[in-house]
Amino acid sequence: MTAVRDRSVALTFADNRLVPMLYGEHDSNLARIEHQLGVTLSSRGNRVTIRGEDAAAQKAVAVLNALWERLEKGLGVGGAEIDAVVHMASLPPGDGAATAAMESFNRPENGIRTRMRLIVPRTVNQTAYIAALRGCELVFGLGPAGTGKTYLAVAQAVAMLTEGRVDRIILSRPAVEAGERLGFLPGDMREKVDPYLRPLYDALFDMLPADQVAKYLETGTIEVAPLAFMRGRTLSNAFVILDEAQNTTAMQMRMFLTRLGENGYMVVTGDPSQIDLPTGVRSGLRDAIDILEAVEGVGMVRLDERDVVRHHLVTRIVRAYETLDRKAREAREES
């Protein structure tokens, strides 16, 4: 039986003005790191002593140094930032992903600035995704829940609206099912569709004051458009987001993509592994991936379990389901 090697490391931070922000109120930030990495952190003045298993202690050193670098650059440190840095520090060593992600996380120029906050990429793939959002007029963000594909798309839309680069934002999503049978739901069209666009609204309220979101919705600067209602429109000077695109049919996807107009930008987000269409109906998202992957000017970024930035349990859930899917595929191939 191999003995577990414990380690004790001390870090000293030079700027006493920033130390309280690193530690958090009542050392809450240190407690969060302790809980996630299984180490013990003892603070005295501007000095932190880390005790724990060698690998965990090394991760804690990397996390504290990365958070300190953020503070020195004038960036904030809170629960979300701690979770992100712990996630990056926990990536497998040797592939360079952890180092690249950490460097990107502490570079404001790699982020998206909105009225409410600066949103920075937390993984290498998220960095690539933001680059695609900036550089392409049509972007596909593909990946499981929690990878930031929709959140970052909304952030880019808000930033471009704030900068005056587009006149409006249009949010669309297949509602209820690919057939979009909304007629039996109570209320007007906004009330029928709102529940299915809640994730997009949540992102908006993270990036703009609530009263401004309400004003934009009232004036049509931000528009909620069910996918079925996009037919026949030309979307110029607009940033258009189609969310949950795996539940579009091939015909719906083709209709949507051909709405792109002058000075228009489109982002299509979805998880090709979570298709809810009836058996035998091909997903418009998968269809578009096959057809457009090699088309010049189309950005296609794939995110995976390493990019999940929600609760750490989500990463494990995604990994468990992917393992199940892989075993099912292997069983089908063997039969």
Side-chain angles (χ1 to χ4, degrees), residues 87 91 95 97 100-101 104 110 112 119 121-157 170-174 178 196-197 199-200 202-203 227 230 239-260 265-277 281-310 314-315 317-326 328-329:
H87 171 81
L91 291 171
D95 62 2
S104 177
N110 287 343
I112 302 171
I119 297 153
R122 300 182 181 182
T123 69
V124 174
N125 287 335
Q126 284 191 354
T127 302
Y129 186 39
I130 289 178
L133 291 172
R134 287 174 170 167
C136 302
E137 293 170 332
L138 173 60
V139 177
F140 287 81
L142 312 172
T147 52
K149 56 188 185 295
T150 300
Y151 190 84
L152 292 174
V154 174
Q156 181 66 12
I170 300 174
L171 309 175
S172 188
R173 195 181 194 192
Y196 307 101
L197 290 163
L200 299 173
D202 290 343
L227 181 57
M230 303 287 279
F239 196 108
V240 190
I241 298 171
L242 174 60
D243 193 33
E244 297 290 339
Q246 73 274 7
N247 290 329
T248 61
T249 64
M251 185 179 296
Q252 287 173 326
M253 179 63 77
R254 183 172 182 174
M255 176 274 294
F256 174 79
L257 294 176
T258 54
R259 301 306 95 200
L260 184 63
Y265 299 84
M266 279 186 171
V267 181
V268 177
T269 68
D271 181 358
S273 71
Q274 296 293 320
I275 295 170
D276 300 319
L277 293 168
V281 178
R282 181 167 172 77
S283 166
L285 180 60
R286 285 187 175 172
D287 205 46
I289 292 169
D290 292 342
I291 295 169
L292 302 177
E293 180 127 35
V295 173
E296 184 180 355
V298 175
M300 203 163 291
V301 181
R302 289 175 171 81
L303 302 109
D304 55 37
E305 64 178 49
R306 295 168 299 178
D307 303 299
V308 173
V309 292
R310 290 182 184 169
V314 176
T315 304
I317 292 170
V318 170
R319 188 178 296 125
Y321 273 101
E322 288 182 347
T323 299
L324 182 66
D325 291 342
R326 186 176 64 253
R329 286 194 303 270

In Å, rounded to the nearest 0.5 Å, how long is the span from [atom1] of [X] to [atom2] of [Y]?
| X | Y | atom1 | atom2 | value |
| --- | --- | --- | --- | --- |
| Lys149 | Leu133 | NZ | CG | 13.0 Å |
| Leu285 | Gln274 | CG | CD | 12.5 Å |
| Leu242 | Ile170 | CG | CD1 | 12.0 Å |
| Tyr265 | Leu260 | OH | CG | 10.0 Å |
| Asn125 | Leu142 | CG | CG | 11.0 Å |
| Ile241 | Arg173 | CD1 | CZ | 11.5 Å |

Looking only at heavy atoms, what is the nearest atom pair of [X] and [Y], with distance?
| X | Y | answer |
| --- | --- | --- |
| Ala288 | Met253 | CB-CG, 3.9 Å |
| Ala155 | Ile112 | O-CG2, 3.4 Å |
| Thr150 | Asp243 | OG1-OD1, 2.7 Å |
| Val298 | Cys136 | C-SG, 4.4 Å |

If you define the side chain from C-beta out and look only at heavy atoms, does anything of Tyr129 sit under 4.5 Å from Val139? yes
Set of side chain to side chain donor-acceptor pair (under 3.5 Å) partners for Thr258, sequence neighbours left out: none
For residues 285-301, pull every pair meeting salt bridge (Lys or Arg N to Asp or Glu O under 4.0 Å), keeping only residues two or more places apart or in separate chains. Arg282-Asp287, Arg282-Asp290, Glu293-Arg302
